[in-house]
Undergrad: 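Have a look at this one before I ask anything.
Because the structure is a prediction, the values reported are computed rather than measured. Naming convention: chains lettered A, B, ... in sequence-line order (proteins, then strands); numbering from 1 in each chain.
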Number of protein chains: 2
Amino acid sequence: MPRTTTPRRSSIGDVARLAGVSVGTVSNVLNRPDRVAEATRDRVLDAIARLSFVPNASARQLRAGTLTTVGAIVLDIRNPFFTEAARGVEDRLALADHTLMLASSDDDPEREARYLRLFEEHGVSGLLVVPTGDDLGPLLQLAARGVHTVLLDMPSPTDALSSVAVDDVAGGRMAGEHLLGLGHRRITMLNGPHTIRQCRDRLAGLQRAVERHGLDPDEVVREVRIPTLDAGGAAAAFAPLLAEDPAPRAVFCVNDLAAIGVQREIRRRRPELLGRTAIVGYDDIEIAAELATPLTSVRQPAHDVGYRAADLLLSRDADGNPARGHVVFQPELVVRSSSVPA
Amino acid sequence: MPRTTTPRRSSIGDVARLAGVSVGTVSNVLNRPDRVAEATRDRVLDAIARLSFVPNASARQLRAGTLTTVGAIVLDIRNPFFTEAARGVEDRLALADHTLMLASSDDDPEREARYLRLFEEHGVSGLLVVPTGDDLGPLLQLAARGVHTVLLDMPSPTDALSSVAVDDVAGGRMAGEHLLGLGHRRITMLNGPHTIRQCRDRLAGLQRAVERHGLDPDEVVREVRIPTLDAGGAAAAFAPLLAEDPAPRAVFCVNDLAAIGVQREIRRRRPELLGRTAIVGYDDIEIAAELATPLTSVRQPAHDVGYRAADLLLSRDADGNPARGHVVFQPELVVRSSSVPA
DNA sequence: ACCCGCTGCTGAATCGGTTCACAACGGTGG
DNA sequence: CCACCGTTGTGAACCGATTCAGCAGCGGGT
């Protein structure tokens with residue numbers, strides 16, 4: 001009986017009644033204030049304040065069809081690369097008074113599909129997606145249905161989808177050249193699943209660097225897969241390698257979190273190898289420079305990636321159609337003390 | 001002229017026409033499939049597939065009023081504590097087939113207000129907020145308007161808002177007792193703005209620990225404010241202290257990122273003080289154990305905080321009203337080598 | 001033959017805004 | 001005095017779904 005009935009949100013009709021005008025006028029006050037005489041406008045604004053009226057976005061969008069919300073789906077919200085990119089997105093969107101809604105697919109195609117559907121149902125004005133796999137089918141269908149989509153951190157194989165990415169092959173090559181230049185001839189790559197393109201590309205870059213040195217990639221490069229791209233998974237996968245003889249002396253990790261896991265595992269199991277194992281990470285996250293052994297890493301312009309992607313999403317060509325484009329940023333090798341000579 | 005007119009999204013009416021049924025039937029197929037004969041249902045499903053029909057969430061919500069989306073506003077998406085909490089939220093919501101939309105206020109009340117309004121306009125079924133300041137007015141109004149709201153990482157001063165928080169006074173006290181136990185009698189606290197409650201509480205906890213030791217907080221504790229809670233801001237604020245004589249020998253940082261900044265600054269300017277300055281951080285982020293000097297830190301159960309908050313948001317009492325509650329988790333001190341004796 | 005109840009479907013009202021054709025009105029110029 | 005104009009404001013159609021009263025058809029009981 002004391003069941004508190006939720007007070008119904010007040011609608012534009014309530015406001016109109018209180019202000020003694022028609023709903024059309026209230027709508028005009030909201031959207032084209034200059035079309036309304038000042039006295040009337042004040043009365044309406046007063047009524048809005050008194051009722052603490054908040055317009056219903058569903059109703060507005062249903063009729064007007066427009067929305068200033070952009071959706072983004074990243075692989076893992078805990079990965080600093082993605083959060084930094086998300087900040088870039090937000091920063092660009094804020095300039096256009098748009099807002100970001102962020103979701104994390106956890107590298108699970110099913111979750112990705114759920115969020116894609118959710119955003120489409122809500123009619124977002126654009127979508128930024130870091131795809132979980134190679135199957136762009138769902139995204140292409142989405143684009144065909146008129147949802148302007150930009151691939152994040154993945155070059156688009158088609159003109160139907162725009163993209164902003166970083167050249168991962170170049171990044172892998174930089175890491176490889178660096179390690180080869182230090183004299184290493186056996187390089188272990190701690191890589192993620194090949195379903196993730198970044199992982200494949202970074203390996204390919206490493207192999208290309210080896211070839212350029214006139215060596216055989218199959219001899220030099222040994223790939224070890226880790227199931228999850230975090231420190232724990234990397235540590236677990238690296239542990240058995242440390243028991244081998246000889247233990248790896250040059251390790252290229254698919255990201256910095258994995259590199260941190262490798263360092264942790266070396267310190268725990270074979271501390272004598274600490275200063276004698278070259279480690280190169282990827283992403284150059286903020287704390288890479290602060291680690292027990294400051295980490296050599298391939299830096300990606302994460303903020304720029306997000307910013308540029310949002311920019312692409314918002315820009316229209318002369319005809320008012322969404323602009324299409326493919327942007328590829330170049331990574332940069334940051335050398336610190338973790339990459340020791342052979 | 002080649003202006004590609006966006007193909008209009010197909011509606012439930014299009015589906016009905018193609019399947020040769022009424023819109024009501026299509027709606028039934030979508031929401032109560034058991035009410036529809038199998039043959040009819042198959043025809044409708046076929047039409048849905050052929051048109052790649054996606055229901056319009058705005059229309060649905062406008063009429064039905066329900067939504068399975070929850071909004072969350074955190075202070076900074078780059079702070080691992082918040083992203084970990086966000087994962088906790090997502091994990092709990094997924095169980096109930098709800099989805100999370102995440103936004104970051106950047107500790108800016110204006111941005112916070114914008115997102116609050118956005119989420120309210122969209123009629124989210126609940127809201128998780130880490131408030132930017134002490135002014136809960138807007139949130140109380142929101143709650144009064146029927147938006148179920150849970151304060152994240154802040155104990156609620158009122159029963160109108162639920163809350164899930166960690167006891168920051170206890171955390172500050174733990175840090176203080178640890179440093180005092182190590183013999184330190186001058187403690188510098190690198191703190192954030194007092195507009196943030198966490199910052200005030202952690203300082204208060206530190207002061208209380210000093211009192212318990214029979215000492216005068218004003219003599220022992222020196223507070224230095226940093227404008228932003230990241231490594232860069234902390235490093236900048238700490239630099240002048242390093243020029244003083246004597247330089248600080250015990251530093252309690254309001255979070256781990258700040259502690260990392262302090263370590264960086266010491267290493268850069270006074271490397272001789274490296275092993276002789278006790279540092280305690282807060283949050284125990286994943287890499288705290290991997291730093292050049294592994295960091296003593298106060299651990300917060302971030303994932304649990306998010307999970308529990310989402311739980312509170314979803315739970316209803318026997319009358320079907322949203323449950324109210326106040327949960328306070330206890331932090332835990334993790335001692336590593338950064339906290340050296342005096 | 002008639003009524004009852006059940007299943008399966010229809011058609012229209014409804015949610016809360018936006019938008020547009022049009023009306024009301026006071027002022028202006030010929 | 002009238003035609004005309006610009007400024008304000010009105011009222012209804014409309015967006016795309018949900019929901020519910022009601023109807024058609026059919027089998028079974030009496």
Side-chain angles (χ1 to χ4, degrees), chain A residues 6-45 47-48 51-69 117-118 120-123 125 145-146, chain B residues 6-45 47-48 51-69 117-118 120-123 125 145-146:
Chain A
T6 311
R8 199 179 52 79
R9 262 167 84 163
S10 48
S11 77
I12 203 176
D14 302 331
V15 174
R17 207 170 310 121
L18 182 58
V21 297
S22 75
V23 293
T25 302
V26 177
S27 177
N28 277 333
V29 169
L30 258 30
N31 303 299
R32 284 112 72 187
D34 49 306
R35 290 229 194 302
V36 181
E38 194 177 336
T40 317
R41 197 193 316 147
D42 288 347
R43 268 207 335 277
V44 171
L45 289 176
I48 288 177
L51 294 171
S52 58
F53 162 75
V54 175
N56 181 322
S58 300
R60 175 199 308 250
Q61 200 211 334
L62 179 57
R63 174 63 229 225
T66 52
L67 198 56
T68 60
T69 300
R117 189 182 170 90
L118 181 78
E120 182 180 10
E121 288 183 355
H122 277 76
S125 71
R145 270 179 254 133
Chain B
T6 312
R8 200 180 51 79
R9 262 169 82 165
S10 47
S11 77
I12 201 175
D14 302 331
V15 174
R17 205 170 312 121
L18 182 59
V21 296
S22 75
V23 292
T25 301
V26 177
S27 177
N28 277 333
V29 169
L30 257 31
N31 302 297
R32 283 112 71 189
D34 49 305
R35 291 229 194 300
V36 181
E38 194 176 337
T40 317
R41 196 192 318 148
D42 288 347
R43 266 203 344 273
V44 172
L45 288 176
I48 287 177
L51 294 172
S52 59
F53 161 75
V54 176
N56 181 321
S58 299
R60 174 197 308 247
Q61 200 210 334
L62 179 58
R63 176 63 230 234
T66 52
L67 198 58
T68 60
T69 300
R117 190 183 168 90
L118 181 79
E120 184 181 7
E121 288 182 356
H122 276 77
S125 71
R145 267 178 256 134

Undergrad: Between A:N56 (CG) and D:dC15 (P), how many Å, whole number?
TA: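 The answer, rounded to whole Å, is 18 Å.
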Undergrad: Sort me out a list of protein N/O and nucleotides 19-25 of chain D N/O pairs below 3.5 Å, or just none if empty.
TA:
{"residue": "D:dT19", "atom": "OP2", "partner": "B:R32", "partner atom": "NH1", "Å": "3.4"}

Undergrad: Contact list please: residues 33-42 of chain A against DNA chain C, heavy atoms, distance less than 4.0 Å, in numerical order.
TA: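 Within residues 33-42 of chain A, no residue comes under 4.0 Å of DNA chain C.
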Undergrad: Do you know which two heavy atoms are closest between B:G13 and B:V23, and how far apart they sit?
TA: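 For B:G13 and B:V23, the tightest heavy-atom pair comes out as CA-CG1, 3.8 Å.
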Undergrad: Is there any side-chain hydrogen bond (donor to acceptor under 3.5 Å, both in side chains) pair reaching into residues 24-38 of chain B, and which pairs are they, with sequence neighbours excluded?
TA: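 Output for this query lists B:S22-B:T25, B:S27-B:N31.
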Undergrad: Check the distance between D:dT18's C1' and B:R60's CZ and give it to me in whole angstrom.
TA: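 Going from B:R60 (CZ) to D:dT18 (C1'), I get 9 Å.
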Undergrad: Let me check the geometry of the helix from C:dA1-D:dT30 to C:dG30-D:dC1. What is the bend angle between the axes at its two ends, five pairs each, to 10°?
TA: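 Its terminal axes enclose an angle near 60°.
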Undergrad: Determine whether a donor-acceptor pair (N or O, by modelled atom type, separation under 3.5 Å) exists between the side chain of B:D14 and the backbone of B:S11.
TA: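 Confirmed, B:D14 side chain pairs with B:S11 backbone.
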Undergrad: Does A:S22 have a side-chain nitrogen or oxygen under 4.0 Å from the phosphate oxygens OP1 or OP2 of D:dT10?
TA: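 It does, given that an N or O in the side chain of A:S22 lies less than 4.0 Å from OP1 or OP2 of D:dT10.
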Undergrad: Within the 4.5 Å heavy-atom criterion, are A:L30 and A:I48 side-chain neighbours or not?
TA: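 Answer yes - side chains close enough.
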Undergrad: For A:V54, what residues pass the side chain to side chain contact (heavy atoms under 4.5 Å, CB included) criterion, not counting sequence neighbours?
TA: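 Counting only residues at least two positions away or on another chain, A:V54 forms a side chain to side chain contact (heavy atoms under 4.5 Å, CB included) with A:R9, B:E120, B:E121, B:R145.
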Undergrad: Let me know the distance between CZ of A:R9 and P of C:dG16, rounded to the nearest Å.
TA: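 It works out to 9 Å between those atoms.
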Undergrad: Using side chain to side chain contact (heavy atoms under 4.5 Å, CB included) as the criterion, list what pairs up with A:L118, not counting sequence neighbours.
TA: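 Side chain to side chain contact (heavy atoms under 4.5 Å, CB included) list for A:L118, sorted by chain: A:Y115, A:H122, B:T69, B:T99, B:M101.
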Undergrad: Base, sugar-phosphate alone, or nothing: which one does B:V21 contact when heavy atoms must sit under 4.0 Å apart?
TA: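 Sugar-phosphate contact only - B:V21 comes under 4.0 Å of backbone atoms but never of a base.
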